Amino acid sequence: MEAVNPGRYHLLLTSIGRPVQHGWWQNEETARRKFTRWIGEYGNMPQPRVPLTDEDAGERLASWPEENPGVVSGQA
């Protein structure tokens, strides 16, 4: 039986260090729209974090709140 790939682009919402919600998409544009939406919808939770990761490349594409203040996250 083959493993099912849920999607290349992964969002993880955590609050106080605990996972709250995950999402996977094949399309980067869709994942980035969800990233922005999740920040607006869940940004008031206690200690929220929302990283967007390219699972195929093993690379973090964006993170909110910014992990390194002064460095714009999610932009090349």
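Everything quoted here is computed from the prediction, not taken from an experiment. Side chains are part of it too, since the values below use all heavy atoms of this structure and drop only hydrogens, waters and symmetry mates.
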Tell me, with the steps shown, if W38 and L11 meet side-chain contact (heavy atoms from CB on, under 4.5 Å).
CA-CA 9 Å; W38 284 19; L11 276 178; 3.5 Å; yes

Could you tell me the separation between the NE2 atom of H10 and the OG1 atom of T53, rounded to the nearest 0.5 Å?
7.0 Å

Heavy atoms of other groups near D56 CG, more than 12 under 6.0 Å:
yes

I'd like to check Q47 versus S15 (side-chain heavy atoms, cut-off strictly below 4.5 Å). Are they in contact?
no

Spatial distance of atom CD (E41) from atom OG1 (T36) [nearest 0.5 Å]:
11.0 Å

Take the angle between the ring planes of H22 and W24 and call it parallel below 30°, perpendicular above 60°, tilted in between.
parallel

Please answer: with hydrophobic residues joined when any side-chain heavy atoms are less than 4.5 Å apart, are V20 and L12 in the same cluster?
no

Quick check for you: to the nearest 0.5 Å, what is the distance between M45 atom CE and L13 atom CG?
5.5 Å

Go through the structure and list residues passing side chain to side chain donor-acceptor pair (under 3.5 Å) with E28, not counting sequence neighbours.
R32

Taking side chain as C-beta onward, heavy atoms only, is W64 less than 4.5 Å from F35?
yes

Looking at G43 and P48, what are the two nearest heavy atoms and their distance?
O-CG, 3.4 Å

Considering only heavy atoms from C-beta outward, does the side chain of L52 approach that of Y9 to under 4.5 Å?
yes

Under a 4.5 Å cut-off applied to non-hydrogen side-chain atoms, are V50 and Y42 in contact?
no

Work out which heavy atom in G7 is nearest to a heavy atom in Q26; give both atom names and the distance.
CA-NE2, 3.2 Å

Would you say the side chain of R60 lies within less than 4.5 Å of the side chain of D54, judging by non-hydrogen atoms?
no

Distance-minimising heavy-atom pair for K34 and W25
CG-CZ2, 3.5 Å

Gap separating the OG1 atom of T30 from the CZ atom of R37, nearest 0.5 angstrom
10.0 Å

